[in-house]
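Scroll down for the structure; my scribbles are underneath it.
Numbers for residues simply follow the sequence, beginning at 1.
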Amino acid sequence: MAVVNVPIRPERDTHLGGENPFESMMARFDIAAQKLNLEPGLYGVLRHPEKQIIVACPVLRDSGQVEVFTGYRVLYNTARGPAKGGIRYDMGVTLDEVKALAAWMTWKCAVVNLPFGGAKGGILCDPSTMSMIELERLTRRYTSGIIDTLGPDSDVPAPDVNTNERMMAWIMDTYSMHKRHTVTAVVTGKPVAMGGSLGRREATGRGCMIVTRQALRQLNLPIDKSTRVAVQGFGNVGSISAKLMSDLGLRIVAVSDKDGGVYAKNGLDVDAAIAYVAKNKTLKGFPGGDRITNSELLTLDCDVLVPAALENVITDENAGDIKAKVICEGANGPTSATADQILQDKGILVIPDILANAGGVTVSYFEWVQDRGGYFWDEETVNTRLERIMVESFAEVAGMAARHGVSMRIAAYMVAIDRVAQVHRLRGMYA
Ligand code: GLU
């Protein structure tokens, strides 16, 4: 059996925009911490991840060779409850990225007031080149590598970029085999047939639609076909956001995936685009409009922009050209810290990632509650409770922004950091 070592990639600073994701998170954290007059001791605690795990994951490839992949899991903060956050499979994964995403999960769970801390995981791999059985081996090996920290009371993963219900089922099974009994609540985003929640798959996109609707109302913009939406990314978040915003009555003028985008001035048929991608795995060749590039999509003449792909796509290089009045951050970290000020100066209302895409983890929380209670809710109950949390959280962040004269982003960090800090103060320091 030949062992092939995958070359360790040097720590990448960025995906696209030239900013280290952890520094980009900290830049906003610093502003919010200052506004809150956060005491230096707590500032120190909150700028350090609690635990960082790196595991080597040897996988038997179908070729008969063994390839060693690197996996990460970062538990950023668990003051408010078990660590919560997805796992991504991507060639852009670095420890710094996972740290930033774990911190964002901490703030995200706090913004919507879930009793969770924050975590994130990632494996540096290209899943598009792997067979289903290779992905299963990789997922199980990674799970066993991080099993000491996993558990319904300690760390609860979920899907993220390039992972889905199938992988969550393997994680649940691997963990349960080790525990010698079935533990559904160890992971969320599972298939409904094995303890998943109705509405979980659509939850992130549904949350994006709800906060966008609230933002349009706040700005007195119409909720009808005159409001034009461009969506970057057509995975779980982008496609469902487009679908639900279209159902709300808005006009979707552009969508894109990693192979580029499609634009139609008079509106796209989102259902047809979803059906096309289900069949062809890409939007490329979709006949409903004209081809555009991903960077053209960001600066299109539209009213609402939904970046729902990866980090750092809106930077100081293109922020000045953005024409949308509202940006709903479906992705985590799509805007670089240097672009924030430009967007604010232009008067664009940015619904920040930690609020905009919190619908996913909110229904993950519902799933965890249902698993632990052994009693499952109907979809209407899930959606009604999600609606309430998103509407209330939007109002809380908007209220903080108005009171302190800050952007929605800084306001969201302030709400979140304040909640986490308050729990630290109450718990005191174990020494
Ligand atoms: N990966 C999603 C996120 O970034 C969901 C996390 C979860 O449900 O735990 O919010």
Side-chain angles (χ1 to χ4, degrees), residues 14-38 100 103-104 107-108 110-111 208 211-221 227-232 295 297-358 390 393-418:
T14 60
H15 269 108
L16 296 164
E19 282 195 32
N20 172 306
F22 191 73
E23 297 306 323
S24 172
M25 184 284 297
M26 278 310 300
R28 282 71 170 251
F29 175 89
D30 281 349
I31 301 173
Q34 224 161 36
K35 291 258 172 212
L36 288 168
N37 278 324
L38 192 68
W104 278 322
W107 316 136
K108 190 186 300 186
V111 170
C208 288
V211 291
T212 299
R213 187 195 63 208
Q214 297 307 96
L216 292 172
R217 284 184 185 156
Q218 181 172 303
L219 297 175
N220 280 321
L221 290 170
T227 295
R228 299 152 306 160
V229 183
V231 183
Q232 183 187 60
S295 50
L297 181 141
L298 294 172
T299 55
L300 268 183
D301 185 15
C302 65
D303 305 290
V304 178
L305 176 64
V306 186
L310 287 171
E311 295 100 281
N312 273 337
V313 293
I314 301 176
T315 67
D316 49 0
E317 277 167 33
N318 59 5
D321 298 325
I322 289 181
K323 297 174 191 71
K325 301 179 186 82
V326 174
I327 297 178
C328 171
E329 295 187 333
N332 292 309
T335 306
S336 74
T338 47
D340 275 354
Q341 194 60 45
I342 303 172
L343 299 176
Q344 204 180 343
D345 291 344
K346 283 171 73 88
I348 298 173
L349 196 165
V350 179
I351 314 170
D353 47 6
I354 57 174
L355 169 66
N357 68 42
M390 295 308 295
S393 304
F394 182 93
E396 259 164 336
V397 173
M400 180 70 99
R403 276 196 306 283
H404 291 267
V406 294
S407 65
M408 287 283 280
R409 176 165 345 265
I410 296 305
Y413 274 72
M414 287 172 74
V415 170
I417 293 168
D418 198 30

Output the distance between atom [atom1] ([X]) and atom [atom2] ([Y]), rounded to the nearest 0.5 Å.
| X | Y | atom1 | atom2 | result |
| --- | --- | --- | --- | --- |
| I417 | L36 | CD1 | CG | 6.5 Å |
| S336 | I314 | OG | CD1 | 9.0 Å |
| F29 | F22 | CZ | CZ | 8.5 Å |
| N332 | M25 | CG | CE | 12.5 Å |
| Q214 | L219 | CD | CG | 11.5 Å |
| R409 | I351 | CZ | CD1 | 11.0 Å |

Please report the closest heavy-atom contact between [X] and [Y], naming both atoms and the distance.
| X | Y | result |
| --- | --- | --- |
| C302 | A230 | SG-CB, 4.0 Å |
| G333 | W104 | CA-CH2, 3.7 Å |
| A32 | I410 | CB-O, 4.1 Å |
| A401 | S407 | CB-O, 4.0 Å |
| A339 | A319 | CB-CB, 3.9 Å |
| A331 | A309 | CB-O, 3.3 Å |

- request: Output all residues satisfying side-chain hydrogen bond (donor to acceptor under 3.5 Å, both in side chains) with D353, sequence neighbours left out; order by chain, then residue number.
  value: none
For the residue pair [X] and [Y], establish whether any side-chain heavy-atom pair is separated by less than 4.5 Å.
| X | Y | answer |
| --- | --- | --- |
| P334 | N312 | no |
| L355 | S393 | yes |
| V304 | R228 | no |
| E329 | N357 | no |

field: Under 3.5 Å donor-acceptor, N318 side chain and V313 backbone
entry: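 Indeed, once roles are kept as given, a pair shorter than 3.5 Å links the two residues.
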message: Treating S24 as the side-chain partner and N20 as the backbone partner, does any N or O pair qualify as donor plus acceptor under 3.5 Å?
response: no
- request: Answer yes or no: does atom NZ of K323 have more than 12 heavy-atom neighbours from other residues, nucleotides or ligands under 6.0 Å?
  value: yes
message: Is it true that, when you exclude Q34 itself, more than 12 heavy atoms of the residues, nucleotides or ligands shown sit nearer than 6.0 Å to its CD?
response: no
Taking distance alone, no hydrogens or angles, what donor-acceptor pairs closer than 3.5 Å link side-chain atoms of residues 343-350 to residues at least two apart or in another chain?
residue	atom	partner	partner atom	Å
D345	OD1	Q341	NE2	3.1
K346	NZ	G320	O	2.7
K346	NZ	I322	O	3.3

task: Determine, stepwise, if the pair Y413 / I354 fulfils side-chain contact (heavy atoms from CB on, under 4.5 Å).
output: CA-CA 8 Å; Y413 274 72; I354 57 174; 3.8 Å; yes
- prompt: Does a side-chain N-to-carboxylate-O contact under 4.0 Å join K325 and D303?
  reply: yes
